[in-house]
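Below: the structure, in structure tokens.
Quick note on labels: first sequence line is chain A, next is B, and so on, each numbered from 1.
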There are 2 protein chains.
Amino acid sequence: MNIGEAAKASGVPAKTIRYYESVNLIPPAHRTDSGYRTYEPADIERLSFIQRSRSLGFSVRDVGKLLDLWNDRSRASAEVKALATSHMTEIDQKIAELRSMRKTLKDLSEHCHGDDRPDCPILDGLAGG
Amino acid sequence: MNIGEAAKASGVPAKTIRYYESVNLIPPAHRTDSGYRTYEPADIERLSFIQRSRSLGFSVRDVGKLLDLWNDRSRASAEVKALATSHMTEIDQKIAELRSMRKTLKDLSEHCHGDDRPDCPILDGLAGG
DNA sequence: CCTTGACCTTCCAGTTTATGGAAGGTCCAT
DNA sequence: ATGGACCTTCCATAAACTGGAAGGTCAAGG
């Protein structure tokens with residue numbers, strides 16, 4: 001599987017895969033004799049996970065930590081558990097914020113007439129959340 | 001209210017407030033005779049909204065669009081409604097992804113023993129979510 | 001066999017969204 | 001009037017990409 005297919009399969013652009021390799025987020029890919037990078041299904045899973053984590057606002061560094069644990073199975077599982085728990089807390093917080101923001105937007109659109117009348121007072125609520 | 005107080009009140013660092021001004025995300029602040037920026041409560045609300053939106057993964061550009069609508073009350077409310085709705089969809093998606101990710105992590109920590117035993121198979125699940 | 005087009009490679013430059021620090025002005029309390 | 005905590009601008013750096021140039025590779029068709 002070359003980098004283009006890997007990009008399609010994982011949702012991470014080829015350019016970005018190379019970038020991730022360059023900053024050691026992922027290990028150097030195996031190469032064909034001619035120098036093309038090749039990827040295994042396991043690599044795709046890893047890339048998908050990175051993709052998902054990044055889109056949800058986790059830093060590359062955070063993702064790196066999780067991947068380290070994933071790679072080094074011999075680590076104490078207490079450490080894995082602690083990291084997972086801390087990430088879960090972060091996630092809960094993000095979900096709460098998103099819900100609050102969603103509510104603001106919902107109020108906003110419900111109180112707006114949806115026609116051309118310009119009295120849409122709910123925009124005022126945006127800051128409050 | 002000077003920039004330091006505004007920073008504390010809004011949660012946006014002073015440095016970042018100046019940056020937002022420099023890229024026209026917010027209008028230039030009023031100045032004292034000596035050149036210090038001053039901020040009103042309304043400015044703080046705006047900054048808080050920006051802060052919240054950014055932390056949830058909305059781009060500065062997206063935030064800018066919403067702020068534009070907020071500023072220009074005379075716009076058709078249909079437009080406001082459309083933008084709000086589109087953002088709500090995005091938010092729903094983000095929430096769904098976070099929940100999926102949370103579930104993965106929960107499974108992970110539940111199946112881990114939390115002691116020093118190294119058999120923590122759930123790390124394998126990370127890519128799947 | 002050779003060409004054509006879609007891949008791949010590296011490298012360097014630019015973008016977005018800040019953040020850090022230097023050099024210097026301001027404000028206020030002692 | 002002087003120290004320290006503010007503020008100012010400007011320039012450099014960071015993180016996480018993204019685009020483009022210059023050139024190598026591969027598979028298909030003529």
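- Side-chain contact between A:Arg54 and A:Ile50 is present, with heavy atoms from C-beta onward closer than 4.5 Å.
- In this structure the side chain of A:Ile26 never reaches within 4.5 angstrom of the side chain of A:Asp43, judged on heavy atoms.
- Mapping B:Val23 and B:Thr32 onto DNA chain C via the closest heavy atom, the residue that lands nearer the 5' end is B:Val23.
- Summarising the geometry, the separation between CZ on B:Arg61 and P on C:dT15 is reported as 13 Å, rounded to the nearest angstrom.
- Hydrophobic clustering of Ile, Leu, Val, Met, Phe, Trp and Tyr side chains at less than 4.5 Å, counting indirect connections, unites B:Val12 with B:Leu25.
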Could I get a table of every N or O pair under 3.5 Å where one atom is in the protein and the other is in nucleotides 9-12 of chain D?
unit_1 : atom_1 : unit_2  : atom_2 : d
D:dT9  : OP1    : B:Arg31 : NH1    : 3.4
D:dT9  : OP1    : B:Arg31 : NH2    : 3.0
D:dT9  : OP2    : B:Arg37 : NH1    : 3.0
D:dT9  : OP2    : B:Arg37 : NH2    : 3.0

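- Considering only side-chain N and O atoms, A:Tyr20 lies under 4.0 angstrom from the phosphate OP1 or OP2 of D:dC17.
- Residues forming a side-chain contact (heavy atoms from CB on, under 4.5 Å) with B:Ser22 (at least two apart in sequence, or on another chain): B:Tyr19.
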Polar pairs (N or O, both sides) under 3.5 Å between protein and nucleotides 22-24 of chain D?
unit_1 : atom_1 : unit_2  : atom_2 : d
D:dG24 : N2     : A:Tyr36 : OH     : 2.6

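- In this structure, OH on B:Tyr39 lies 9.0 Å from CG on B:Asn2, to the nearest 0.5 angstrom.
- The 12-atom threshold is not exceeded at CZ of A:Arg61, counting heavy atoms of other residues, nucleotides or ligands nearer than 6.0 Å.
- Separating the CG atom of B:Asn2 from the C1' atom of C:dC27 is a distance of 10 Å, rounded to the nearest angstrom.
- We find the CD1-CZ distance between A:Ile91 and B:Arg99 to be 12.0 Å, quoted to the nearest 0.5 Å.
- In this view, A:Ala9 and A:Met1, A:Ile44 satisfy the side-chain contact (heavy atoms from CB on, under 4.5 Å) rule, not counting sequence neighbours.
- If you run side chain to side chain contact (heavy atoms under 4.5 Å, CB included) between B:Tyr20 and each of B:Thr16, B:Ile17, B:Asn24, only B:Thr16 comes through.
- Between the CG atom of A:Leu25 and the P atom of D:dA15 there is a distance of 13 Å, rounded to whole Å.
- Toward the 5′ end of DNA chain D lies the nearest nucleotide of B:Thr38, the other residue of the pair A:Tyr19 and B:Thr38 mapping further downstream.
- For the pair B:Glu21 CD and C:dT17 P, the computed distance is 17 Å after rounding to whole Å.
- D:dT8 atom P lies 10 Å from atom CD1 of B:Ile17, rounded to whole Å.
- A distance of 4.5 Å separates CZ in B:Arg37 from CD in B:Glu21, rounded to the nearest 0.5 Å.
- Residues forming a side-chain contact (heavy atoms from CB on, under 4.5 Å) with B:Thr89 (at least two apart in sequence, or on another chain): none.
- Of the residues in residues 3-11 of chain A, those lying under 4.0 Å from DNA chain C by heavy-atom distance are A:Ile3, A:Gly4.
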